[in-house]
Structure formats: C-alpha cells, structure tokens
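Data block below; observations after.
Whatever order the structure lists ligands and atoms in, that order sets their numbers, starting from 1. In what follows, every heavy atom counts, from backbone to side chain, and hydrogens, waters and symmetry copies are set aside. The structure presented is a predicted model; accordingly, all values stated were derived computationally and were not measured.
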Amino acid sequence: MFKYVGDISKISHYIIDKFLENKNIAIDATLGNGYDTDFLSKKFTKVYSFEIQEEACKNYSERKADNVEVINDSHHLLKKYVNEPVACIMYNLGFLPGGNKEITTMSETSLNSIIEGLELLNHGGLMTICLYRGHVQGKEEESVIIPYLKELPKSKFGVMYHEFLNRSKEAPILIVIERK
Ligand code: SAM
C-alpha cells in the first residue's frame, strides 16, 4: 500500500486541511456514505451535503453532526439552498460504493453544479473533484468537465490535475481548483 499515491479522496482531504486557512462553510456535493462529510464536519463550522438518494440521506442523518445540513436534492441546484460564499466544495463523482451503480452523477448536472459552485467559492477557496472514469458516465464527465476547467481564466483560478501515470488510463483523477 502507498501512503500518498493511493486514495485520491484522502489526498483531497489532506489538501483541504493543509492549504485552506478559512474553514467556515463547506459543501459536500455528493454525500454518499458520508466519509467526506465526516471529514468536513470536523474541520468546518457549517457543512451542506447534497445527495439524490433518499436512503443515503436518511442513513447519514442518523449519525450526522449538528453542523451538517443534509439536502436530499441534486447538486446542480446548489444555489437554491446555499446563497453565501463558501470556502470549500468537494465532489466525489460516480455511484455509491456498494450501492446501485445505475444511480450515478451525470455529466450535464455535474458540470452545471461545478459552474455554480465556482461562483459561490470565496477568494482563496478550494474545490476538489474526484472523477472516476472506469464507467461510461464517468468517461462522459471527463469529456465535458476537463475541457471546461482548462478554459477557466488563470487570473481568477488555479487548476491542477492529478493523474496516476503508471496505472490504467481508467484510473481515477483528482482535480483541485483554487480561487485566487
Ligand atoms: N462522498 C461520498 C462518501 O464519502 O461516501 C461518496 C460519493 S459517491 C462516489 C457519489 C454519490 O453521488 C452517490 O451516492 C450518488 O447517489 C450521488 N449523486 C449522484 N448524482 C447526484 C446529484 N445530481 N446530486 C447529488 N448527489 C448525487
């Protein structure tokens, strides 16, 4: 097992913890089993967590911390629920591990959510995107999200792409976006 070159979710937690000074408000755009929300809730004052699966929302609500608001709706409707600047937004795209693989994030809603999320991100804020391209929808997400992020103005955003060079071309990628 590797300590660093392994789990991209862990790397995203590390980056957020290490480099983000302002830890007021965070959004977990894909609650799932709640591991990212667990992390965020320990570090941030307030966390909004989006999830389309009612069952996952119910399960997590039973153990959620007081500073977490679980929102059973799609993350492309971010601005309907959050109308203040946020320091951090996490995307862990794809389907729920151990769940129904048919219920997965989709390229159009993921991209729309990322576009809205970048507008909500405050100065110095971080967005992390874990993208799994080993399935059809993941490949589609890669094909629409990456070209969009490549065109973000460098005067406003820094965009970094983390890829395993010696693994399959379908290995997951981590993208980190920092707002100046
Ligand atoms: N962050 C999670 C964790 O720590 O366990 C893992 C997330 S899992 C890879 C992706 C989740 O996104 C699934 O639970 C899926 O139901 C959810 N999802 C799919 N489309 C969504 C959407 N449009 N808005 C919010 N959540 C969505």
Side-chain angles (χ1 to χ4, degrees), residues 6-17 20 23 25-44 46-65 67-83 86-121 126-146 148 162-164 170-177:
D7 183 341
I8 56 169
S9 296
K10 269 196 199 157
I11 299 174
S12 69
H13 292 185
Y14 176 78
I15 291 169
I16 290 165
D17 195 22
L20 201 54
K23 294 197 177 66
I25 301 167
I27 295 175
D28 181 353
T30 50
L31 170 71
N33 290 320
Y35 301 120
D36 295 319
T37 293
D38 284 343
F39 158 75
L40 293 171
S41 73
K42 288 185 194 117
K43 305 285 175 185
F44 288 78
K46 166 90 190 171
V47 183
Y48 296 94
S49 298
F50 288 80
E51 172 58 58
I52 52 167
Q53 296 195 55
E54 197 180 348
E55 190 67 16
C57 290
K58 272 193 191 152
N59 288 343
Y60 190 74
S61 293
E62 283 170 16
R63 67 173 170 95
K64 81 174 186 64
N67 62 342
V68 177
E69 188 175 330
V70 173
I71 299 162
N72 185 192
D73 208 342
S74 172
H75 50 218
H76 77 284
L77 301 170
L78 273 187
K79 283 191 176 168
K80 184 174 161 193
Y81 299 93
V82 187
N83 41 33
V86 303
C88 174
I89 309 181
M90 292 189 74
Y91 291 86
N92 212 326
L93 299 174
F95 47 81
L96 189 64
N100 182 350
K101 292 186 179 178
E102 302 290 310
I103 308 174
T104 183
T105 54
M106 306 292 279
S107 57
E108 196 182 333
T109 37
S110 297
L111 180 64
N112 287 340
S113 176
I114 289 166
I115 293 171
E116 284 209 350
L118 289 173
E119 288 168 12
L120 279 181
L121 208 58
L126 287 177
M127 177 185 284
T128 61
I129 306 170
C130 292
L131 196 158
Y132 303 87
R133 49 202 179 157
H135 63 124
V136 177
Q137 303 301 341
K139 283 191 183 69
E140 234 177 273
E141 285 177 313
E142 180 185 25
S143 73
V144 302
I145 293 170
I146 302 298
Y148 176 79
H162 303 63
E163 181 178 38
F164 295 95
E170 296 192 335
I173 50 176
L174 167 65
I175 303 137
V176 180
I177 304 157

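- Annotation: side chain to side chain donor-acceptor pair (under 3.5 Å) contacts of Asp73 (sequence neighbours excluded): Tyr81.
- For Lys58 and Tyr60, the positive end is not near the middle of the six-membered ring at less than 6.0 Å and at most 45° from its axis.
- A side-chain donor from one of Tyr91 and Ser113 sits under 3.5 Å from a side-chain acceptor of the other.
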Under a 3.5 Å threshold, I'd like every N/O contact between ligand 1 and protein atoms, with atom names and distance.
{"unit_1": "ligand 1", "atom_1": "1 (N)", "unit_2": "Thr30", "atom_2": "O", "d": "2.7"}
{"unit_1": "ligand 1", "atom_1": "1 (N)", "unit_2": "Asp36", "atom_2": "OD2", "d": "2.7"}
{"unit_1": "ligand 1", "atom_1": "4 (O)", "unit_2": "Tyr35", "atom_2": "N", "d": "3.0"}
{"unit_1": "ligand 1", "atom_1": "4 (O)", "unit_2": "Asp36", "atom_2": "N", "d": "3.0"}
{"unit_1": "ligand 1", "atom_1": "4 (O)", "unit_2": "Asp36", "atom_2": "OD2", "d": "3.4"}
{"unit_1": "ligand 1", "atom_1": "5 (O)", "unit_2": "Asn33", "atom_2": "N", "d": "3.0"}
{"unit_1": "ligand 1", "atom_1": "5 (O)", "unit_2": "Gly34", "atom_2": "N", "d": "3.4"}
{"unit_1": "ligand 1", "atom_1": "14 (O)", "unit_2": "Glu51", "atom_2": "OE1", "d": "2.8"}
{"unit_1": "ligand 1", "atom_1": "14 (O)", "unit_2": "Glu51", "atom_2": "OE2", "d": "3.4"}
{"unit_1": "ligand 1", "atom_1": "16 (O)", "unit_2": "Glu51", "atom_2": "OE2", "d": "2.6"}
{"unit_1": "ligand 1", "atom_1": "16 (O)", "unit_2": "Gln53", "atom_2": "NE2", "d": "2.9"}
{"unit_1": "ligand 1", "atom_1": "23 (N)", "unit_2": "Ser74", "atom_2": "OG", "d": "2.9"}
{"unit_1": "ligand 1", "atom_1": "23 (N)", "unit_2": "His75", "atom_2": "NE2", "d": "3.4"}
{"unit_1": "ligand 1", "atom_1": "24 (N)", "unit_2": "His75", "atom_2": "N", "d": "2.9"}
{"unit_1": "ligand 1", "atom_1": "24 (N)", "unit_2": "His75", "atom_2": "ND1", "d": "3.3"}

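- The pair Lys64-Glu69 does not meet the salt-bridge criterion, since no charged nitrogen lies less than 4.0 angstrom from a carboxylate oxygen.
- There is no side-chain donor-acceptor pair under 3.5 Å between Asn112 and His75.
- Ionic pairing of Glu142 and Arg133 is present here: one or more N-O contacts between side-chain nitrogen and carboxylate oxygen are shorter than 4.0 angstrom.
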